[in-house]
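Convention: sequence-line order gives letters A, B, ...; per-chain numbering from 1.
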There are 2 protein chains.
Amino acid sequence: MTTTPARRVTKQRVAIADQLERSEAFLSAQDLHAALSRSGERIGLATVYRTLSAMATDGELDVRRTDDGEALYRRCDTEGHHHHMVCRTCGRTVEIGGPKLEEWLAEVSGRFGYVDIDHTVEITGTCPECAAKA
Amino acid sequence: MTTTPARRVTKQRVAIADQLERSEAFLSAQDLHAALSRSGERIGLATVYRTLSAMATDGELDVRRTDDGEALYRRCDTEGHHHHMVCRTCGRTVEIGGPKLEEWLAEVSGRFGYVDIDHTVEITGTCPECAAKA
DNA sequence: GGTTGACCTGAGAATGGTTGTCAATTCAGC
DNA sequence: GCTGAATTGACAACCATTCTCAGGTCAACC
């Protein structure tokens, strides 16, 4: 079916995957590159961008956009369709599935005759720990 | 209360507002600038950017981001909080309010102890007319 | 209707994230 | 080990967006 385009296991990709694995929050390509450089890995920025977008395409990563358009990536724990609630202070992210949300979507799209519906939901808030510190 | 920063009525701003008024869909700054140029208006790109972000700040416009991070603006008919269902083919947009959605949000955020919640919902689909043509 | 000063504009330069280029390198199967 | 295709990295190129600043324009006041 889907032709697998022969992905290789290079140390750069391993390093990137590791770094993502280690992070609770969404990271930008720049963040990741900086973090890797800091920890001694010498990886080209272009490689980071390429790898991230490849992983996102393969569904291994979730993508989000900051308000100023920067792309952020995160390793998703949940397999299927889900959404994110992100702490605006520490970035900690909770994955959320919502049957109730999907119901609402079906109802609304149906009401206006829209078909083949896609959707994204972004929830931002302050997590309990950051709220406690404030 | 809010200090009104003395906004002037210039012909550039009028032209931009008109153009937005005329559009059912979300427009990028570039789109708008191109459209204005086409119709003979000679407006600097920087002015378009400035005006759009000012209007957005004032809540006169809604902002959206394309998948590649470009900012899109649209005149909102609805005053208060609402969401959008955008046709992926023609861009026609329906504004949607969702008490059910807000309920769900409150429930979910409460479950994880997140407070001070903000959210964005983007729905993309094919509108009845475009679906009929397909 | 002129004057005045703050606001606004436009052209181009600067910024910053992201992608393209291409020679050198590295993986993986033989 | 050998070989070819996938991958990498340094750097240029892109492109949306913002900054700069000299010159233009609005609006209030005379």
Side-chain angles (χ1 to χ4, degrees), chain A residues 2-20 23 25-58 60-74 91, chain B residues 2-20 23 25-58 60-74 91:
Chain A
T2 346
T3 38
T4 314
R7 289 269 155 77
R8 283 201 199 156
V9 182
T10 66
K11 76 164 171 306
Q12 288 86 343
R13 290 186 187 172
V14 172
I16 290 172
D18 273 5
Q19 193 70 42
L20 284 163
S23 172
F26 278 86
L27 298 175
S28 70
Q30 308 275 349
D31 290 341
L32 236 147
H33 182 252
L36 289 169
S37 296
R38 234 179 290 120
S39 64
E41 297 285 347
R42 190 134 305 285
I43 298 189
L45 189 51
T47 302
V48 176
Y49 275 104
R50 270 184 303 237
T51 304
L52 287 176
S53 74
M55 291 177 82
T57 302
D58 291 357
E60 294 172 50
L61 296 181
D62 282 357
V63 194
R64 212 162 72 77
R65 291 257 167 202
T66 55
D67 283 342
D68 55 317
E70 197 180 9
L72 303 179
Y73 300 87
R74 180 174 184 271
Chain B
T2 345
T3 38
T4 315
R7 290 269 155 76
R8 284 201 197 153
V9 180
T10 66
K11 76 164 173 305
Q12 289 86 342
R13 290 184 187 175
V14 172
I16 291 171
D18 273 6
Q19 193 72 41
L20 284 164
S23 171
F26 278 86
L27 299 176
S28 71
Q30 307 276 350
D31 290 343
L32 235 147
H33 182 252
L36 290 170
S37 297
R38 236 178 288 120
S39 64
E41 298 285 348
R42 191 136 303 286
I43 298 188
L45 189 50
T47 301
V48 176
Y49 275 103
R50 269 186 303 238
T51 304
L52 287 177
S53 74
M55 293 176 81
T57 302
D58 291 357
E60 293 173 50
L61 296 181
D62 282 357
V63 194
R64 212 162 71 79
R65 292 256 167 202
T66 56
D67 284 341
D68 53 320
E70 196 180 11
L72 303 179
Y73 299 88
R74 179 172 184 273

Using the side chain to side chain contact (heavy atoms under 4.5 Å, CB included) criterion, which residues pair with [X]? Sequence neighbours excluded.
| X | value |
| --- | --- |
| A:Ser28 | A:Gln30, A:Asp31, A:Glu70, A:Leu72 |
| A:Arg13 | A:Arg7, A:Thr10, A:Thr51 |
| B:Ala35 | B:Gln19, B:Arg38 |

Roughly how many Å is it from [atom1] in [X] to [atom2] in [N], rounded to a whole number?
| X | N | atom1 | atom2 | value |
| --- | --- | --- | --- | --- |
| A:Arg13 | D:dG9 | CZ | P | 11 Å |
| B:Leu32 | D:dT17 | CG | P | 12 Å |
| A:Leu52 | D:dT8 | CG | P | 12 Å |
| A:Asp67 | D:dA16 | CG | C1' | 16 Å |
| B:Ile43 | C:dG12 | CD1 | P | 17 Å |

Can you name the salt bridge (charged side-chain N to carboxylate O under 4.0 Å, His left out) partners of A:Arg74, sequence neighbours left out?
->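 Per chain and number, A:Arg74 pairs via salt bridge (charged side-chain N to carboxylate O under 4.0 Å, His left out) with A:Glu95.
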Residues two or more places apart in sequence or in another chain: which of them pass salt bridge (charged side-chain N to carboxylate O under 4.0 Å, His left out) with A:Arg8?
->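 Not a single residue meets the salt bridge (charged side-chain N to carboxylate O under 4.0 Å, His left out) criterion with A:Arg8.
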Given C:dG12, D:dG9, C:dT9, which nucleotide is nearest the side-chain atoms of B:Ala46?
->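 Closest nucleotide among those given: C:dG12.
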A:Leu52 and side-chain contact (heavy atoms from CB on, under 4.5 Å): which partner among A:Leu27, A:Leu61, A:Thr57?
->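 For A:Leu52, the side-chain contact (heavy atoms from CB on, under 4.5 Å) test succeeds with only one of A:Leu27, A:Leu61, A:Thr57, which is A:Leu61.
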What residues form a side chain to side chain donor-acceptor pair (under 3.5 Å) with B:Asp68, not counting sequence neighbours?
->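 Checked B:Asp68 against side chain to side chain donor-acceptor pair (under 3.5 Å); matches are B:Thr66.
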Taking only distance into account, with no hydrogens and no angle test, what donor-acceptor pairs under 3.5 Å do side-chain atoms of residues 40-48 of chain A form with protein atoms, sequence neighbours excluded?
from, atom 1, to, atom 2, distance (Å)
A:Thr47, OG1, A:Arg50, NH2, 3.3

Could you give the distance from CG (B:Leu32) to CD1 (B:Ile16), rounded to the nearest 0.5 Å?
->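 Reported value, rounded in 0.5 Å steps: 6.5 Å.
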Atom pair CD/CG of B:Glu60 and B:Leu20 - distance to nearest 0.5 Å =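 Rounded to the nearest 0.5 Å, the CD-CG separation comes out at 9.5 Å.
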Between the protein and nucleotides 22-25 of chain C, list the N/O to N/O atom pairs that are separated by less than 3.5 angstrom.
none

What does nucleotides 24-30 of chain D look like as a protein-contact string, B for base, S for sugar-phosphate only, - for none, at under 4.0 angstrom between heavy atoms?
-> -BBS---
Bend angle of the helix from C:dG1-D:dC30 to C:dC30-D:dG1 from five-pair axes at both ends, rounded to 10°?
->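 End axes: 30° apart.
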Considering only nitrogen or oxygen atoms on both sides, find all protein atoms under 3.5 Å from nucleotides 15-18 of chain C and state each distance.
from, atom 1, to, atom 2, distance (Å)
C:dT18, OP1, A:Ala71, N, 2.8
C:dT18, OP2, A:Tyr49, OH, 2.8

In chain order, what residues pass the ring-ring contact (aromatic ring centres under 6.0 Å, His included) check against B:Tyr73, with sequence neighbours excluded?
->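 If we apply the ring-ring contact (aromatic ring centres under 6.0 Å, His included) test to B:Tyr73, skipping adjacent residues, there are no hits.
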D:dG9 OP1/OP2 closer than 4.0 Å to side-chain N/O of A:Gln12 |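 Answer yes for this pair, as a side-chain N or O of A:Gln12 is under 4.0 Å from OP1 or OP2.
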Which heavy atom of A:Ala15 sits nearest a heavy atom of A:Leu36, and at what distance?
->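 Answer, listing the atom of A:Ala15 first, then A:Leu36: O-CD2, 3.8 Å.
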Can you name the nearest heavy-atom pair linking B:Ala17 to B:Met55, along with the distance?
->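 Closest approach of B:Ala17 to B:Met55, heavy atoms only: CB-CE, 4.4 Å.
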